[in-house]
Amino acid sequence: MLHRNEVHDSRFILWLSILTFFSVMNETMFNVSLPDIAAYFDIAPSAANWTNTCFSLSFAIGIAVYGRISEHIGMRKLLLFGMLTYGFGSIVGLLCHAWYPGVLFARFFQGVGASAVPSLIMVIIVKIVEPEKQGRAFGLIGSVVAFGEGIGPVIGGTISGYIHWSLLFALPLLSLLALPFVLRTLPDETAERKSFDLTGAVLLSVGILSFALFMTLYHWMYLAASLVLFGLLSRHIRRQQVPFLEPSLFRKKRYMAGVLTGALLLGTVAGFFAMVPYLMRAVYHMSTSLIGSAILFPGTLSVILFGMLGGMLADRKGHITAMLSGLGMIAAGFLIVLFYTDQAPWLIASSVVMTFGGLSFVKTVISASVAKTLEPDEAGSGMGMLNFACFLAEGIGIASVGGLLTKPWLDSPLIATVTSQAAALYSNIMLIFIALATLGGLLFVLSFKRNRP
C-alpha cells in the first residue's frame, strides 16, 4: 500500500519527468543514425535496423511484463531494476560499439530497462499523487514524452554527424542521476503475493522474436516457429488460473479491432519514419545532423500541437471524425513521398510533419475508443495489452522496412513522376504503406461506426 501524504508531489513529478524524458528519447534518437551504422559495419539496412528493432521488441515485452509483476514485487524495486538495466545496456553499448552483436545486445537491454518507466509511471501517479493534482501530472508527463520524442532525432543527428553515433549510448547514463531522488520520494509499499505466469511470458516473447525475424529475413522457418509458439500460448492461457494474457479480452470484438487497428497503423508509420533517413541519404545525400534537425525534428514537434487538437476534435466531433482526419493527414504525407520522392527535401519534411500530425490524432482516438470497450476491472490489463501491441508493431514495422530496402524487385520505377532510379525503391515502398494504412482505417471504421462516442 502506498501513502500519498508521504510524498512531495511536485518534486517527485519533476524527477520522474527526467526519467521519462531519457526513456522516450531513446526511441527516436537512433533512427537518424541507422544509415551511419549500416555504413560503419558494412551491413544491409535489414541488419542495421535491428539496432532499433531490438530496443522496440524488448521495450514492448517489458511494457507487458512490468505491468504484470508490479503487484508481485513492488514498483520501487522494479523501477530500480529497470533503470540499472538501462544503464547496464548503455555501458555495454559504449564498450562494444565496434562489435555489432554487442550493439544489438546493448540495445536489447536498454529496451528491457527503459520500458520500466512508461509501464509503471501511470500506476505510480494514480497511487501517489493527490487526486486534484493528477491532471497536471499527466499533462506534464505527456508534454515530456512529446518533447523527448521530438528532440531525439536532433540530438542523435548532431552527435552522429559531428562526433560518432556510438556516443548516443552515453546519454541515457545521465538519467541515473535522477534515480536516487525518485527512489527517495517513493514511499515504501507492500506487494501482494500472486502467482506469475512465467511460461506464458516466455512463449509470447520467443514467438514475437521469431515473427520479427521472419519479417526481416523472410525465412518461412521463423514464421512456422512463431505460429507454433503462439498456438502453444493460446492453449496455455486457457488452462492457467492467472494467465499472462487475459483470454476474455480476445473475445471482445471491438476491443480486438481497436488493438489491431492501433498496431497496424502505428507499425506502418514507424516503418515510414525508419525509412526516411535512408531516403534522405540515398536520394539527397544529406548529412546525419541535417536529417535529424531539418527533416525529422519539425515533424516530431508537430505531435505536441496536433495531439491537443486531436483530443479536442474527438471530444467535439466523435472518434470516427477524428480518426478520418488523422488518416487523411497520414495519407497526404504518404502521397507526397509516393509522387515526389526526388523533387525537393522540403517536400519530404512536410510529409513527415503531416504524418506525425496524423499519428497524434490516431493515437488519441485509438486509446479513447479502446478504453470505452472495457469494463472498469478490465482497464489495467486491456490498456496494457494495447500499449504492448503498439510498441511491438512499431518494432516489427522497423524490422520489415529494413528487409524491404534490400529487395531488388522493388527497384523498378512504377510512378511516372519519380525519375531517379535511387528514389524508385522508396516510392514503391510507399505503395505498401498506403495499403496498410487503408486497411487499418477500414478496420476501425467498420468496427466503431456504430455507437459513436
Side-chain angles (χ1 to χ4, degrees), residues 17-45 47-59 82-117 144-145 147-179 273-274 276-278 280-281 285-301 395 398 402:
S17 298
I18 294 174
L19 291 185
T20 304
F21 172 78
F22 282 101
S23 173
V24 299
M25 185 178 67
N26 216 329
E27 291 183 60
T28 58
M29 193 167 57
F30 273 83
N31 273 2
V32 71
S33 304
L34 293 177
D36 287 337
I37 294 173
Y40 182 81
F41 290 104
D42 192 22
I43 55 179
N49 278 20
W50 272 88
T51 305
N52 268 3
T53 300
C54 280
F55 181 89
S56 297
L57 291 181
S58 60
F59 196 92
M83 295 310 298
L84 291 179
T85 303
Y86 192 27
F88 169 75
S90 301
I91 292 172
V92 170
L94 280 172
L95 297 178
C96 302
H97 72 272
W99 182 49
Y100 191 55
V103 172
L104 298 183
F105 180 86
R107 289 291 283 164
F108 177 84
F109 275 93
Q110 279 191 323
V112 169
S115 59
V117 177
V144 169
V145 168
F147 181 65
E149 291 177 339
I151 202 69
V154 178
I155 294 176
T158 301
I159 292 177
S160 299
Y162 292 103
I163 308 176
H164 195 266
W165 61 265
S166 62
L167 290 181
L168 297 178
F169 282 108
L171 290 181
L173 295 174
L174 296 176
S175 64
L176 296 180
L177 298 176
L179 185 59
F273 292 137
V276 168
Y278 289 105
M280 302 311 296
R281 180 68 62 85
H285 310 290
M286 291 182 67
S287 66
T288 302
S289 58
L290 193 57
I291 294 171
S293 59
I295 305 299
L296 296 179
F297 182 56
T300 51
L301 279 189
I398 293 170

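Only this structure's heavy atoms are used, side chains among them; waters, hydrogens and symmetry mates stay out.
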**OP:** Determine, stepwise, if the pair L34 / N49 fulfils side-chain contact (heavy atoms from CB on, under 4.5 Å).
**Re:** CA-CA 6 Å; L34 293 177; N49 278 20; 3.5 Å; yes
**OP:** Identify the heavy atoms of G102 and C96 that sit nearest to each other, and give their distance.
**Re:** CA-CB, 4.1 Å
**OP:** Check step by step if side-chain contact (heavy atoms from CB on, under 4.5 Å) holds for N52 and F59.
**Re:** CA-CA 10 Å; N52 268 3; F59 196 92; over 6 Å; no
Subject >> Residues that L167 engages under side chain to side chain contact (heavy atoms under 4.5 Å, CB included), provided they are two or more places apart >> reply: L94, I159, I163
**OP:** Show your reasoning for whether side-chain contact (heavy atoms from CB on, under 4.5 Å) applies to R107 and F30.
**Re:** CA-CA 10 Å; R107 289 291 283 164; F30 273 83; 3.3 Å; yes
**OP:** Mind listing the closest non-hydrogen atom pair of S58 and S115 along with its distance?
**Re:** O-OG, 4.2 Å
Original post:
Are any non-hydrogen side-chain atoms of F88 and Q110 less than 4.5 angstrom apart?
Top reply: no
Original post:
For T288, what residues pass the side-chain hydrogen bond (donor to acceptor under 3.5 Å, both in side chains) criterion, not counting sequence neighbours?
Top reply: D36, R281
Original post:
How close do L168 and S160 get, heavy atom to heavy atom, and via which atoms?
Top reply: CD1-OG, 3.8 Å
**OP:** Look up atom CD1 in I295 and atom CE in M286, then write down how far apart they are to the nearest 0.5 Å.
**Re:** 4.0 Å
Subject >> Over 12 non-hydrogen atoms of neighbours within 6.0 angstrom of OH in Y278 >> reply: yes
Subject >> Separation of F21 CZ from S175 OG (nearest 0.5 Å) >> reply: 10.5 Å
Subject >> Minimal non-hydrogen separation, G152 against M25, with atom names >> reply: CA-CG, 3.7 Å
Subject >> Nearest heavy atoms of G89 and F109, plus distance in Å >> reply: CA-CB, 4.0 Å
Subject >> Pairwise distance CG(L176) to OG(S90) - rounded to 0.5 angstrom >> reply: 7.5 Å
Original post:
If you round to the nearest 0.5 Å, how far is CG of L104 from CH2 of W99?
Top reply: 9.5 Å
**OP:** Taking side chain to side chain contact (heavy atoms under 4.5 Å, CB included) as the test, write out the residues that go with F41, two or more places apart.
**Re:** I37, I43, Y100, V103, W165
**OP:** Run the numbers on H285 and M280 for side-chain contact (heavy atoms from CB on, under 4.5 Å), then give the verdict.
**Re:** CA-CA 6 Å; H285 310 290; M280 302 311 296; over 6 Å; no
Subject >> Closest heavy-atom pair and its distance - I398, S56 >> reply: CD1-OG, 4.0 Å
**OP:** Give, for atom NE2 of H164 and atom CZ of F169, the distance between the pair rounded to the nearest 0.5 Å.
**Re:** 11.0 Å
